[in-house]
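Below you'll find the structure, written out as structure tokens, and then a few comments.
When reading the values below, keep in mind they use all heavy atoms of this one structure, side chains included, and skip hydrogens, waters and symmetry mates. Here the structure is a predicted model, which means the values were calculated and not measured.
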Amino acid sequence: MRRSAHSVLLRIDDVRGFLVVARWVRLISILRRWAPFILVAAVAARLAWIAFVPNATNFLDLHVYVDGAAEIVSGDLYAFRYSANTPEFPLPFTYPPFAALVFFPLSLLPFGFVAVAWQLGTVATCSGSFEFASS
């Protein structure tokens, strides 16, 4: 049986393609094994950054959500401006009143607790999304 040059090239490409796929499979296997440790290290690094670096994160958006929602009591929600960490550009509450109702209970808690819970919730949501997407 005579082989054409074209069929030989296809065979070489098949081998190269197999090697590329095999490398990716191995890399994914390694990352899956180390993923929990990488996640814990990333969360620990983020929490350390928040705890020890002054103004490492000001949680500007969270301040606008929570502090703005607290203005429901005063009755003038859209007059609120957050300027504690951004005096040159006060940030207004521009969300619908329903958002203020959702965030109002958080305004009753200490902001440090809310910020840490927000970060942990974000990490849990991302982790769950990645787990869902990979299954």
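- Of the residues listed (Trp118, Phe111, Phe98), the one engaging Phe103 in a ring-ring contact (aromatic ring centres under 6.0 Å, His included) is Trp118, and it is the only one.
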Per-pair distances, 0.1 Å, donor-acceptor, side chain in residues 61-74, under 3.5 Å, sequence neighbours excluded:
unit_1 : atom_1 : unit_2 : atom_2 : d
His63  : ND1    : Asp67  : OD2    : 3.1
Glu71  : OE1    : Ser74  : OG     : 3.1
Ser74  : OG     : Glu71  : O      : 2.9
Ser74  : OG     : Asp76  : N      : 3.4

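- Every residue meeting the side chain to side chain contact (heavy atoms under 4.5 Å, CB included) condition with Pro92, not counting sequence neighbours, appears here in chain and number order: Arg81, Thr94.
- The side chain to side chain contact (heavy atoms under 4.5 Å, CB included) test applied to Pro105 returns no partner, not counting sequence neighbours.
- Here Phe80 and Tyr78 keep their ring centres 6.0 angstrom or further from each other.
- Here the closest non-hydrogen pair linking Pro97 and Leu77 is CA-CD2, 4.2 Å.
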Show which side-chain atoms of residues 23-43 pair as donor or acceptor with protein atoms under 3.5 Å away, not counting sequence neighbours.
none

